[in-house]
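Have a look at the structure below, then the notes.
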Amino acid sequence: MSISPETIQHIAKLARLGLNTAQKAAAITQLEQMLGVFDALNTIDVTGVAPLFHPGELALTLRPDVVTEGDQHAAFQAIAPDVSGQMYLVPKVLEAV
Amino acid sequence: MSTAFEAVIGLEVHVQLATASKIFSGSATRYGATANAQASAVDLAMPGTLPVMNAAAVEMAVRFGLAVNAQVAKMSVFARKNYFYPDLPKGYQISQFELPVVVGGSVDASMDDGRILSVQLTRAHLEEDAGKSVHDAYFGKSGIDLNRAGTPLLEVVSEPCMACAAEAVAYLKALHTLVKAIKICDGNMAEGSFRCDANVSVRRVGATQLGTRAEIKNVNSFRFVEKAINYEIDRQIRIIESGASVVQETRLYDAAKNETRPMRSKENADDYRYFPDPDLPPLMISDAQIERIRATLPELPRARRERYVSALNLSAYEADQLALSADHAEYFEATLAALARPDAKLVATWMMGELAAKLNSAELELTAVPVSPARFAGLLDRISDGTLNSKLAKRVLEAMWSADATADQSIDQLGVRQLSDASTIAALLDDVIAANPTQVQQYLTGNEKVWQFLVGQAMKASRGQANPAELTTMLRARLAVQK
Amino acid sequence: MTNHYDLAYFQAEKARGVSAVALVEIAIERAQIAQPLNALITASFPSARAAASALVTSQHPLAGIPMAHKDLFCTKGVATTCGSKMLANFVPPYCATIVEKLDAVGAVSIGKANMDEFAMGSANEHSYFGAVSNPWDLSRVPGGSSGGSAALVAARVVPYATASDTGGSIRQPAAFCGVTGFKPSYGRVSRYGMVAYASSLDQAGVIAQSAADCAAVLQVMAGHDQRDGTSLDAPVPDYQNALTQSILGLKIGLPRGIFGGKQTGLDADVLSAVQQALRQFEKQGARLIEIDLAHLDAALAAYYVVAPCEASSNLARFDGVRYGHRCDNPKSLNDLYLRSRSEGFGAEVQKRILLGTYALSAGYFDAYYLRAQRVRRLIAQAYQAAFAQVDLIAMPTTPTTAFKQGLQQANPLAEVLADIFTVGVNLAGLPAVSIPAGFSAGLPIGLQLIAPHLAEEKLFCAAHQFQAHTEFHRQVPPAFVVAQVGATS
Ligand SMILES: [Mg+2]
Ligand SMILES: [Zn+2]
């Protein structure tokens, strides 16, 4: 299985990783190597086998609808890179929704 | 709309569930807190924190499913929708994708023309809301407030089965009524508790395939939904008629300009990489749980409508008008309960007639009506017992509208009481017959047209207070004698 | 050379009146001796001293005894870096549940153990804070990702350290460092406050010198947590009780594929040491039964699909907005994301994020992610079928002993293959332990025992009964013999 430069570019964009040309080339080599490991998946017949997403077939546990958290913005924003007026700041977002 | 085209509309409504705490954390969901005061470690996606599902949100989703006769899934799955945006702290939204909690169902809506529209639902799924970005206040930066992040939503997706803006609005209103009636949402549209996205496409009449659709985001009043859809239908028809084709895209409705325009992309290639959230095992709902929740549901609009027809003998039209709106049903039933002699038909006639007319001219919703059901019932009692005719009753209602008085107090104050005394009416009729010999003569020679004139004159002579039934019977009898 | 530096030693010191402050000083002195290992990212000695002196007298077996946390457990007020530049300055205002639980019984943390960045690695060479060395041979790796925890315990700095295991990250470094590493069943220990690598595989556990000590620590760590929706609401048995049970008649399954000598990459010394150790079990009354355990290669593939997929999503929260590394002067939102993330994450983490993003993306999702999860079910079923025949399954923890530092740069697949015997357990959510079982050329060898879901007691029993009759777990790396504590040989 080979990975094209366009594919790695697309994947890096989805993952929001800024890669330079050399890093992209290295990523292609590494990913292709791992896809080789993945080939072992195809040695097994999985027809009719349901995927197992959680070990032990867990069921969701629920919590009661109770407010347990108070205003902690001071503690959390003390470790934030850029805040003003209790807001987290980021470079201007173009369109609000 | 050009008759050569038809529109196909489907709605996605985000219903904010009325829980005290967030869907996956113990933060409050209260509206209007100072920025980030209601954003806990989980809401901020602090490293190592985990989502834990709110039991009340599950219960509300089940209530909805039962209320719309949908299938409540025995097993549903939370999935991650992966994309980057500053109002989405985890870099993914927890939603439901392949296996939603509610499948199918339908909502009945009454149209202004009296038609009942049954809108099929595709699904309803649980998900978390995102935070809010605030622009222009921070010198070229955007501020992020994560108070809303993690607020529980039920996204209700309809089939693309509506043909015009009026149908879409009727459905939306019915849905709005329903979610309030089953107490899963406060319905406050201004605060974003009930938000609508509309998928709109048009096609040539007779075409079997759907046209390319545009998704109009976040149209947050019934009026704007109507305007946005109408604008969008016209826009798409113009495009097709010009020979071009509609582009599948997300558009934003600009209420100030009354137009939709394409939204600037979130710089995402559209690949959300949905996969089951490994932090949240499948949500299992047992039959016993469903039955327990079913028992707590109030009477639903559909069942109420049937009861109004079968048990209260209302017409189908009256039942639709009164049963499908929780406010109307509540007022109707409170009035009926307060009557001395139950008469559902009388309540329906007066609610949908005079009361509705007065609300309309005062531009008031029923919830703001100045006459309580008990006082309204007092008025109707005086109609039933013959104290008031309808003309007098309207005057009394007028008086009750602006004064906090009972019907009897208003009747006394106005000095209006229906005249039913036979001798008084007889004397009054004698005067009318004497004063209008020509018309009497015409009537006696077979001209029925003057009948209404003579009744009118008699009514006028009684200053509107005569019992109309009594008056007409006696007048007929008297004229018959003269024949 | 053997040394007593386990819980019993500290408890005995405590019993003869040595204060918690003095016990902490012992560990601090050991930490200074062990500095060349680079096993601690953050040494929180002042707060350890303060905690020790503030301690109320307690009979709890862990009270006043020094320990260390792997640096992915959030510690309120103490930096929690996850071995990453991304979190180099991250001081959480909250604690992981297991940190709270250990604090509550009076455990005294002397610092945060080095680890592979975001727990991704099997050599502890992917740490922003530098590689960790193996106490038995400083030119070799300690294993990973809990390399710091294993090295600290092996070098007798602390009697135990917390650790986490996503594909072998407790057991593999325990094997490489000659200590006991215990990975509980998925859901047995809360994951709240443990920075996530792959949520459906991650499980917190402990590394100590013996199974008995692991049992004492897990007793505190285990149990249901309201803040973790995958935490099991099942009673926690008395693990001390389990230690003294007999292993007479215990059925231990040996997978034919591995013990038949046909497993590629399995070192002959490792295999024979493990076989020797199993004969010791037999001598104590256990029965060795050959079993079939299919899909080992496929388990490795499934793990390396599922873990990066989950990781690619778990690590999306590190965006430079609310905490963690932010690039200088971002020109746009996209620039903020791209630079903060590519500067903050190391190469291995970026590789796994890309791999996971790829395997989840449109067009590849079915072939990789979904297929891997189907294979995962078959693997879980294979274990289940085996446990219908036997009580425990045994195999080497790793195919080789600790390899030289720098090897994975030359051959990245070598690091991947080191996980071949450990990942299946995570895919199936089972409990497992690695215990010291011999040496090859002066390097420790680990024996792995695997139990059915929630059968931790069987592991504690078997491992403890073995350790009661063997001395492998008492061996101290020659460079780290404890001077002031009486050497016994
Ligand atoms: Mg949607
Ligand atoms: Zn939605």
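Quick note on labels: first sequence line is chain A, next is B, and so on, each numbered from 1.
Contacts between P86(B) and chain A at a heavy-atom distance below 4.5 Å involve the side chain alone, from C-beta outward. V77(B) does not touch chain A: none of its heavy atoms, backbone or side chain, sits under 4.5 Å away. Using a 4.5 Å cut-off between heavy atoms, L146(B) contacts chain A through its side chain alone, with no backbone atom that close. F78(B) touches chain A through its side chain: at least one heavy atom from C-beta onward sits under 4.5 Å away, while N, CA, C and O do not. Using a 4.5 Å cut-off between heavy atoms, V42(B) makes no contact with chain A at all. For L283(B), the parts sitting under 4.5 Å from any heavy atom of chain A are the backbone and the side chain alike. The contact between V90(A) and chain B is made by backbone and side chain atoms together, counting heavy-atom distances below 4.5 Å. Of the atoms belonging to A20(B), heavy atoms from both backbone and side chain fall under 4.5 Å from chain A. With a threshold of 4.5 angstrom between heavy atoms, S25(B) approaches chain A through N, CA, C or O but not through any side-chain atom. At a 4.5 Å heavy-atom cutoff, A33(B) makes no contact with chain A through either its backbone or its side chain. Proximity to chain A is absent for every atom of M75(B), based on heavy atoms less than 4.5 angstrom apart.
Contact residues of residues 42-51 of chain A toward chain B are absent (heavy-atom distance under 4.5 Å). For residues 69-79 of chain A, the interface with chain B (any heavy-atom pair closer than 4.5 Å) comprises E69(A), G70(A), D71(A), Q72(A), H73(A), F76(A), Q77(A), I79(A), sorted by residue number.
Residues D271(B) and H10(A) have side chains in contact (heavy-atom distance under 4.5 Å, counting atoms from C-beta outward). Two residues are said to be in side-chain contact when any heavy atoms from C-beta on lie closer than 4.5 Å; L62(A) and N54(B) fail this criterion. Side-chain contact check for V93(A) versus Y85(B): some heavy-atom pair is nearer than 4.5 Å. The shortest side-chain heavy-atom distance between Y88(A) and D145(B) does not fall under the 4.5 Å cut-off.
Most heavy-atom pairs under 4.5 Å with chain A: of the set G91(B), P282(B), A56(B), this distinction falls to P282(B). Ranked by heavy-atom pairs shorter than 4.5 Å toward chain A, the options A28(B), A57(B), P276(B) are led by P276(B). Per-residue heavy-atom pair counts under 4.5 Å with chain B were compared for V67(A), V83(A), T68(A), T61(A), and the maximum is reached by V67(A). Note: A37(B) leads G143(B), S27(B), A55(B), A37(B) in heavy-atom pairs under 4.5 Å with chain A. The most heavy-atom pairs under 4.5 Å with chain A, out of E59(B), M46(B), M284(B), come from M46(B). With chain A as partner, the option from A39(B), A130(B), A41(B) having the largest number of non-hydrogen pairs under 4.5 angstrom is A41(B).
The minimum heavy-atom distance between R273(B) and L14(A), with the atom names listed, is NH2-O, 3.7 Å. For the pair A59(A) and P281(B), the tightest heavy-atom approach, listed with the atom from each and the gap, is C-CB, 3.7 Å.
The number of heavy-atom neighbours closer than 6.0 Å to CD of E291(B), taken from other residues, nucleotides and ligands shown, is above 12.
Not one N or O on the side chain of R16(A) forms a donor-acceptor pair closer than 3.5 Å with the backbone of Y83(B). Checked by atom type and distance alone, the side chain of D65(A) never pairs as donor or acceptor with a backbone atom of T19(B) at under 3.5 Å.
Note that CD of Q86(A) and OG1 of T34(B) are 4.5 Å apart. Values are rounded to the nearest 0.5 Å. The CE atom of M53(B) sits 8.5 Å away from atom CZ of R63(A), with the distance rounded to the nearest 0.5 Å.
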Audit row: D277(B), F53(A), side chain to side chain contact (heavy atoms under 4.5 Å, CB included) steps and yes/no: CA-CA 8 Å; D277(B) 192 326; F53(A) 298 115; over 6 Å; no
